[in-house]
Each structure stands twice: as structure tokens, then as C-alpha cells.
Amino acid sequence: MTPRVLCVCVRAGLEAAYGAQARRLAGDAGQAAILSAETEPSDPGPVDRVYQVMDPSFDRGRGDHWAAAISAATRSFDPSLVLTGPTKVEVEALARAASTLGAPVVTRGRAVRITESGVQAERDLLSGNAVGTESASGPVVFLALAEEPSVGTEAVGSQTAAERISLPVELPAYAYRRVSLRPKPPQELDLEGAERIVSVGRGLQRKEDLALVEQLATVLGAAVGCTRPIAAESGWLSDEHWVGLTGHRVRPFLYLAVGISGAAQHLVGMRDSKLVVAINKDPNAPIFQQADFQVVGDLYAILPELTRQLAAARASR
Ligand SMILES: Cc1cc2nc3c(=O)[nH]c(=O)nc-3n(C[C@H](O)[C@H](O)[C@H](O)COP(=O)(O)OP(=O)(O)OC[C@H]3O[C@@H](n4cnc5c(N)ncnc54)[C@H](O)[C@@H]3O)c2cc1C
């Protein structure tokens with residue numbers, strides 16, 4: 001069966017990238033389309049169809065509106081794969097549409113392929129420590145990418161004059177609106193809900209060295225935690241970062257303890273972490289008894305190198 005790929009372009013200006021993606025997956029023999037809510041979408045590249053939502057009531061920031069558009073475009077185009085990006089709106093839209101149409105959903109997919117048996121994609125698992133390949137099949141598969149696609153340098157497929165179709169969309173009748181929008185103060189941190197935490201203790205010598213911890217946390221997509229002395233005594237971080245008996249009880253997937261001895265009062269706050277990695281220069285530090293991975297060494301040597309290697313690994317994906 002020749003593939004039919006519909007790419008949903010929620011963010012304006014990415015039409016060419018999604019068009020190229022749709023063509024790449026559909027191949028020259030297949031059919032490629034994009035769905036856009038732009039009245040004048042930028043050049044979508046070598047696709048066969050461009051579905052456009054022209055309804056002035058359509059709200060591009062709403063997942064339920066996009067879900068209605070995706071459902072309508074899916075019914076019209078009959079794709080074997082519907083693909084979109086990684087944002088919350090895109091994932092919500094995809095999940096809603098897939099539920100309406102009884103189709104499987106794959107999120108955070110990379111290296112997407114259409115095979116004889118369905119759609120295959122790789123996904124980061126175990127807090128980014130493993131990569132799984134997953135396969136979904138059905139008349140149509142819905143897939144949200146881990147990252148927005150890029151156009152790439154090489155030409156993709158042959159250029160066709162895309163047919164433009166104004167898509168009628170049945171928008172939900174209920175009322176839903178954003179009441180207000182305020183910038184989030186930087187100290188508002190959801191440590192207890194964090195999936196990954198890089199936590200620092202008195203092994204750190206100067207406040208300025210927090211940059212090492214923050215850089216690692218950024219690369220890992222982690223929140224920054226700390227022991228009581230770092231918050232209560234040094235005041236280098238606010239109380240919101242403090243983990244322990246008298247601080248926050250956290251339960252992330254990954255807890256990376258840096259220069260933390262592992263006092264009982266600290267352990268109480270992080271013992272529900274799934275995977276604990278500890279970096280400490282003292283091989284007898286009590287934290288190692290709680291750690292799944294023990295790294296004995298100087299945090300000042302390890303952190304920059306770890307950050308560099310993780311950033312390089314991420315960039316090469
Ligand atoms: C009533 C009470 C409540 C408390 N509540 C809490 C709480 O909620 N949370 C909390 O965290 N603490 C709490 N404490 C404090 C707790 O007992 C410990 O004092 C504290 O957790 C120790 O913090 P730390 O691990 O950062 O420092 P330290 O115990 O001083 O440990 C620093 C560690 O860094 C290592 N290190 C030093 N230099 C380096 C380097 N260059 N590279 C790698 N490793 C290095 C050292 O080997 C050491 O293991 C409480 C105490 C009391 C009495």
C-alpha cells in the first residue's frame with residue numbers, strides 16, 4: 001500500500017519543514033499533505049495537498065480546535081500516518097483526534113519509518129538513558145515528533161503543484177478561554193513534580209560554581225535541587241530547591257546528587273527517586289549506599305565533562 005502522510009503544521013512558518021517531512025515519509029510514489037491554519041501558508045514544498053483552516057473562530061493555541069481540524073483532514077485525506085510536532089498543543093490535539101478516530105498514538109518519536117507492518121519510531125526511554133523502537137499499526141497512526149523537523153539541505157522528492165483545500169471544521173461548542181497570562185517568577189519551581197533533578201550539596205565551594213550545576217541541569221532538562229546548607233545556611237539557592245526532611249520530598253525518575261554526603265535528613269526527601277546517581281570525591285560517602293550509580297571523583301572535573309558529552313550526544317541525534 002502506498003503511504004499517505006499528513007503533517008500538521010501548528011506553528012506558522014514551518015510549512016516547508018513539514019512538507020518535506022511528509023514527502024520524505026510518503027516517498028515519490030505516496031501522497032503527502034500538510035494541514036495549516038494560515039490563510040497564506042509559506043511554501044509547503046513538494047506536497048500534493050495543503051489543507052487550510054480558514055474559520056476565523058479557529059484558535060491556533062487550542063488543542064481541541066486542532067483536534068477538530070486533524071479529524072476533518074484525516075477523514076478527507078485518508079492518511080496512513082498523521083504527524084505533528086512536540087508541543088503540548090500538538091500532543092493534546094493528536095491524542096484527542098486519535099481517540100475520536102480510534103487510532104494509535106506515538107509521542108516523542110524520532111527516526112520515523114513507514115514499514116510493511118506499520119509505523120516505526122524511536123523514543124527516548126528511562127529518562128533519556130535508553131532508546132526504544134516502537135511500532136504502531138492500523139488504518140492510520142498518529143505520531144508526535146520529539147522535535148520539530150527541519151527542511152534539510154538536500155532536495156526532497158519532486159516538486160508538485162499542491163492542491164489547496166479549504167477545510168470545513170466543526171469547532172467544539174463549549175466555552176473555554178484563557179482568563180489571564182502572567183510571567184512566571186523564576187523562583188516558582190515544581191521540584192516535587194520534577195522528573196529529573198540535579199541536586200547539589202556542600203561539595204560546591206562557591207556560589208558562582210552553581211553555573212556548573214545549572215548547565216548540567218539544562219542539558220538534562222532537570223530541575224535544580226540542593227541540601228539544606230546550600231539553601232538555609234549559604235542562601236545560594238532559595239528554599240524551593242531544598243530537598244529533605246525539612247525541605248521538599250521529591251520522587252523524580254532521576255536524582256543526580258552532586259557533592260552531597262547523604263545525611264539521613266537529606267535522604268528522607270529523595271529516597272523515592274527511581275534512579276539515583278551520586279558524584280562524590282569520598283568513596284565512603286553515605287549517599288553511595290542509596291545510589292544506583294556511584295561516581296567517585298571531583299565534581300569540578302566531572303560536571304563540565306558530563307555536560308559537554310550529554311550536549312554533544314543530544315546534538316548528534
Ligand atoms: C533537624 C534537622 C533537619 C534537617 N533537615 C535537612 C533537610 O531537610 N535536608 C538536608 O539536606 N539536610 C537537612 N539537615 C542537615 C543534614 O543533617 C546535613 O547536615 C546536610 O544534609 C549535609 O549537606 P551536604 O551533603 O550538602 O553537606 P556535607 O555533609 O558537608 O557533604 C558534602 C559532601 O561533598 C563532598 N565533596 C566535597 N568536595 C567535593 C568535590 N569537589 N567533588 C565531589 N564531592 C565533593 C564531600 O565528600 C561530602 O560528602 C537537617 C539537620 C537537622 C538537624
Side-chain angles (χ1 to χ4, degrees), residues 5-15 17-22 24-25 33-38 41 51 53 58-75 77 79-114 118-128 130-150 167 169-172 174 176-178 181 184 190 193-196 220-223 252-254 314 317:
V5 179
L6 171 69
C7 281
V8 183
C9 188
V10 168
R11 277 181 48 201
L14 290 179
E15 287 82 3
Y18 277 101
Q21 181 79 291
R24 195 176 296 132
L25 287 164
I34 67 158
L35 166 63
S36 164
E38 299 303 305
Y51 285 100
V53 183
F58 188 84
D59 184 342
R60 287 150 221 232
R62 281 181 58 171
D64 52 353
H65 280 206
W66 276 106
I70 292 170
S71 298
T74 301
R75 289 192 183 101
F77 187 61
S80 42
L81 171 63
V82 177
L83 185 140
T84 190
T87 66
K88 281 185 185 165
V89 167
E90 288 164 305
V91 173
E92 180 197 337
L94 214 61
R96 282 174 178 270
S99 169
T100 303
L101 300 169
V105 185
V106 178
T107 56
R108 305 201 61 74
R110 301 176 193 279
V112 182
R113 290 193 308 129
I114 299 179
V119 174
Q120 270 194 10
E122 291 184 355
R123 283 215 305 152
D124 282 0
L125 300 172
L126 303 177
S127 209
V131 179
T133 302
E134 298 182 352
S135 169
S137 59
V140 54
V141 172
F142 286 71
L143 191 141
L145 293 167
E147 283 157 22
E148 301 281 17
S150 53
L167 189 71
V169 176
E170 204 173 312
L171 296 177
Y174 52 77
Y176 176 92
R177 70 187 173 91
R178 180 177 295 142
L181 183 70
K184 194 173 176 187
D190 179 18
E195 269 292 293
R196 302 170 195 186
L220 282 170
F253 182 83
L254 171 69
R314 179 155 294 189
R317 272 197 213 130

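Heads up: numbering here begins at 1 and tracks the sequence.
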At their closest point, which heavy atom of R62 faces which heavy atom of P172, and how far apart are they? NH2-CG, 4.2 Å
Do the side chains of V112 and V106 get nearer than 4.5 Å, heavy atoms only? no
Where A68 and E170 come nearest, the two heavy atoms and their spacing: CB-O, 3.4 Å
Please check: side-chain N/O of E15 versus main-chain N/O of G13, any donor-acceptor pairing under 3.5 Å? yes
May I have the list of side-chain donor-acceptor pairs in residues 134-147 shorter than 3.5 Å, sequence neighbours left out?
from : atom 1 : to   : atom 2 : distance (Å)
E134 : OE1    : R123 : NE     : 3.0
E134 : OE2    : R123 : NE     : 3.4
E134 : OE2    : R123 : NH2    : 3.4
E147 : OE2    : R110 : NH1    : 3.0

Any salt bridge between R60 and E38, counting N to O under 4.0 Å? yes
Y18 side-chain N/O to G85 backbone N/O, donor-acceptor pair under 3.5 Å: yes
Please confirm whether the backbone N or O of A95 pairs with a side-chain atom of S99, one donor and one acceptor, at under 3.5 Å? no
Would you say the side chain of R24 lies within less than 4.5 Å of the side chain of P149, judging by non-hydrogen atoms? no
Mind checking the CD-OG1 spacing from E148 to T84? Nearest 0.5 Å is all I need. 7.5 Å
Is the shortest side-chain heavy-atom distance between Y51 and L6 below 4.5 Å? yes
In Å, rounded to the nearest 0.5 Å, how long is the span from CH2 of W66 to SG of C9? 7.0 Å
Can you find a side-chain donor-acceptor pair between Y174 and D64 that sits under 3.5 Å? yes
Any chance CZ of R113 has more than 12 other-residue heavy atoms, nucleotides or ligands included, within less than 6.0 Å? no
Nearest 0.5 Å please: distance from the CG atom of L81 over to the CD1 atom of I114. 5.0 Å
Please report the closest heavy-atom contact between T133 and E122, naming both atoms and the distance. OG1-CG, 3.9 Å
Is the closest side-chain heavy-atom distance between V5 and P79 below 4.5 Å? no
Distance in Å, L83 CG paired with C7 SG, rounded so as to fall on 0.5 Å steps: 4.5 Å
How close do A22 and A33 get, counting heavy atoms only, and between which atoms? CB-O, 3.9 Å
How long is the straight-line distance from CD of Q21 back to CG of L14, given to the nearest 0.5 Å? 11.5 Å
Shortest non-hydrogen contact from A97 toward A67: CB-O, 3.8 Å
According to the interplanar angle, ranging from 0 to 90°, do the rings of F58 and H65 count as parallel (below 30°), tilted (30 to 60°) or perpendicular (above 60°)? tilted
If I take atom CZ from residue R75 and atom CG from residue L101, how far apart are they, to the nearest 0.5 angstrom? 5.0 Å
More than 12 heavy atoms from other groups under 6.0 Å of CZ on R11: no
Contact summary for A93 and I70, nearest pair of heavy atoms: CB-CD1, 3.9 Å
